[in-house]
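To start, the structure itself, in structure tokens.
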Amino acid sequence: MKDEFLKITKHNELADFFGMTYPVLSKIIYETDDVYKYRQFQIPKKNGCYRQIASPSKKLKAVQVKLKDVFYEIYPIKPVVHGFAQNKSIVTNAESHLDKKYIFNIDLSNFFGTIHFGRIRNLFQSNPFNFNNTVSTILAQICCFNNSLPQGAPTSPILSNMIALKLDNRLQHLAKITNSTYTRYADDISFSFTCNKRRLPKKIIVLRDDEGIPGDVLTDIIKENGFKINYDKVRLCSTLSRMEVTGLTVNEFPNVRRQYVRQLSSMLHAWRKYGYYLAEKEFNKKYDTKHRASDKPKSFLYVIKGKLAFLKSVRSGRAPIFNKLAAQFNELVDDEYKFTILEVTDPEKTAINALWVVETCYDDKNGDAIVVQGSAFQLKDVGIVTCAHVVSNKGNVFDEIEVFKYSDPTIKYKLKVDKICYDRDVAICSIVTKSDAIQYCMEKSQDTVKMQDDVKLLGFPAYAHGQSYYIVDSKVAKIYPQNNIQKFEIDKLIREGNSGGPIINDKSMVIGIALEGARKNEGNNGCLKILEIDQVMSSDEYKI
């Protein structure tokens, strides 16, 4: 479809692409009154204003859907873009800003409205389309309404990403040279930083009365690319406050607001106490009037199911809060509506009990104390396994290394490194003093790692006392050698602190070790195949 589309040079060829004659296409575009071409309505925003929606007619929508599909074929989405992109969401957008000290959020004002007819026509006249003026004008007429991209048209989201390509390139470069992280979700721009407040890059953010405003370089880049900053929605947040990205909190992990959970819990309580019909009537009367485009009452069941599905997508199907609310929902509905609740199996419990939190402390070149935290696990007939970079820095093994169980962080054990392989980024360790702490061991799998295998990542990302372990359900996304070392990649983020954690299969046997995750839109979520540890065990060159 892509090749056929890009060869179009005449108006009748464009009509043929849509499976119609040009007079029919012309009637849809030019001869249909705006009242019939688009259905317009308003949806209230949280701030009291209204969002103007324009939904295309059935015939126009069919043309736009075909265009949308071919646009996605032609235009690869950049990694920094999380809105209107395959396998991306507000969750993946939020994950990019985990484990940061500061997050700077900016909103682009009237995002779709600033993308006018001329910009769209120019887009079609340039790479990778290179259409002539006639074809470009017709395509722009199909995609625009009232001289801009309409919110509600299938083509608008992907076209907005195409128009913003240059903006994304320049802001990604700005993030790179300032050692920060940049993402964009539609009109929401986010930068995050690991530095102290006094070192925040002035090209991006300037502090005035302890509030952050966009720096000159950032402001100029946005203006030069035809967009405007909504200064009412500029916000700097830190670890001392609620850190949000596209509506999700990212202080510890992507999460919904507490109000969201409270409302969901209240809805389930009302259903149990008053019955379905009274609960639905009360909900539509009190809570659902401001977010409804039509007068038709919403199904209470589907609202709750949708909210639970969203909570699951953000927190995962293993989150205790999801399992608690999903269990309440399951008691109220027939089997066809019930959620599957994931419970920790006995083999998984054994694997969890074999986990360790690793803590090391060293002085940097300025004399400041740096605390490094990672994950480790007890492997049968091997020892305590973690990553080399968790227990060393620039080839020097730390003097002070401690491990403890998440269930009792007050009892710590001194750890010594027995073998270390920097090429593989793996260290084999043991506890210095004899103790009964080693009660559980994982076993390594002899199975071949295959693409799309279901796996689980265990460990302690951004661990703080009182927190529990994390289990992340994932899949093997890539298998590759690196300098003759066998590795694989998973499709979920390996966060700071998760390095050294085990990757287990469906039998809860270890198939890999989590290395460093993808950060700043570079690198990958790579893992070392567990069988590589045999090379370390069998060679004396890795002894300390």
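If you're wondering where the values come from, they're calculated on a predicted model, not measured in any experiment.
One N or O on the side chain of N505 and one on the backbone of K507 form a donor-acceptor pair closer than 3.5 Å. Within the 3.5 Å criterion, the main-chain N or O of R262 finds no donor-acceptor partner in the side chain of S265. A donor-acceptor contact shorter than 3.5 Å is absent between the side chain of K456 and the backbone of I503. A donor-acceptor contact shorter than 3.5 Å is absent between the side chain of D187 and the backbone of F111.
Around the NZ atom of K203, the shell of radius 6.0 Å holds no more than 12 heavy atoms that belong to other residues, nucleotides or ligands. Around NZ of K338, the count of heavy atoms belonging to other residues, nucleotides or ligands within 6.0 Å exceeds 12. More than 12 non-hydrogen atoms from other residues, nucleotides or ligands lie less than 6.0 angstrom from NZ of K412. At most 12 non-hydrogen atoms from other residues, nucleotides or ligands lie less than 6.0 angstrom from CG of D210.
Residues I158 and F84 fail the side-chain proximity criterion, which asks for heavy atoms closer than 4.5 Å. Proximity of I352 to I471: side-chain heavy atoms (C-beta onward) are separated by under 4.5 Å at one or more points. In this structure the side chain of L207 never reaches within 4.5 angstrom of the side chain of I213, judged on heavy atoms.
Remark: I189 CD1 to N230 CG distance equals 11.5 Å, nearest 0.5 Å. Between the OG1 atom in T114 and the CD1 atom in I163 there is a gap of 9.5 Å [rounded to 0.5 Å]. Within the model, atoms CD of E532 and CG of D425 stand 12.5 Å from one another, a figure rounded to the nearest 0.5 Å. Expressed to the nearest 0.5 Å, how far NZ of K68 lies from OH of Y72 amounts to 7.0 Å. One finds the CZ atom of F398 at 12.5 Å from the CD atom of E359 (value rounded to the nearest 0.5 Å). Expressed to the nearest 0.5 Å, how far CG of N525 lies from CG of L457 amounts to 9.0 Å.
Geometrically, K478 engages Y480 in a cation-pi contact, judged by NZ or CZ lying under 6.0 Å from the ring centre and within 45° of the ring axis. For the pair K305 and F339, the cation-pi test (distance below 6.0 Å, angle within 45°) is passed.
Using the six-membered ring where Trp is involved, F460 and Y463 have ring planes that are perpendicular, over 60° apart on the 30 and 60° scheme. Classification of the W356-Y413 ring pair by plane angle, with boundaries at 30° and 60°, yields perpendicular. Aromatic ring orientation, Y182 versus F191: tilted (interplanar angle from 30° to 60°).
When only modelled atom types and interatomic distance are considered, N169 and K78 share a side-chain donor-acceptor pair under 3.5 Å. For the residue pair Y231 / D107, no side-chain donor-acceptor distance below 3.5 Å is found, with atom types taken as modelled. With no hydrogens or angles considered, a side-chain donor-acceptor pair links H389 and S499 at under 3.5 Å. No donor-acceptor contact under 3.5 angstrom links the side chains of K197 and S238, judged on distance only. Counting only N and O atoms by type, the side chains of Y470 and R495 include no donor and acceptor under 3.5 Å apart. Looking only at atom types and distance, the side chain of N93 has no donor-acceptor partner in the side chain of R184 under 3.5 Å away. For Q482 and K487, the side-chain atoms include at least one donor-acceptor pair closer than 3.5 Å.
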Please evaluate residues Y102 and N196 with respect to the criterion side chain to side chain donor-acceptor pair (under 3.5 Å), reporting the C-alpha separation (whole Å), side-chain torsions for both, the decisive distance (0.1 Å), and the verdict. CA-CA 8 Å; Y102 292 93; N196 295 325; over 6 Å; no

K166 and D168: salt bridge (charged side-chain N to carboxylate O under 4.0 Å, His left out), yes or no, with the steps? CA-CA 5 Å; K166 188 177 178 181; D168 292 324; over 6 Å; no

Between T92 and H82, does the side chain to side chain donor-acceptor pair (under 3.5 Å) criterion hold? Intermediate values first, please. CA-CA 7 Å; T92 60; H82 293 263; 2.8 Å; yes

Run K100 and T181 through side chain to side chain donor-acceptor pair (under 3.5 Å) and show every step you take. CA-CA 9 Å; K100 303 300 175 69; T181 298; 2.7 Å; yes

ring-ring contact (aromatic ring centres under 6.0 Å, His included) assessment of Y337 paired with F329: CA-CA 9 Å; Y337 300 112; F329 178 78; 7.6 Å; no

For side-chain contact (heavy atoms from CB on, under 4.5 Å), just list the numbers for V472 and S316, CA-CA rounded to whole Å, side-chain angles, deciding distance to a tenth of an Å, and then say yes or no. CA-CA 8 Å; V472 180; S316 90; over 6 Å; no

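Between I420 and the choices I428, V426, V536, V391, the side-chain contact (heavy atoms from CB on, under 4.5 Å) rule is met once, by V391. Between K475 and the choices D491, D506, D454, the salt bridge (charged side-chain N to carboxylate O under 4.0 Å, His left out) rule is met once, by D454.
Annotation: side-chain contact (heavy atoms from CB on, under 4.5 Å) contacts of E244 (sequence neighbours excluded): R235, R242, T249, R257.
Aromatic pair F404/H465: ring centres closer than 6.0 Å.
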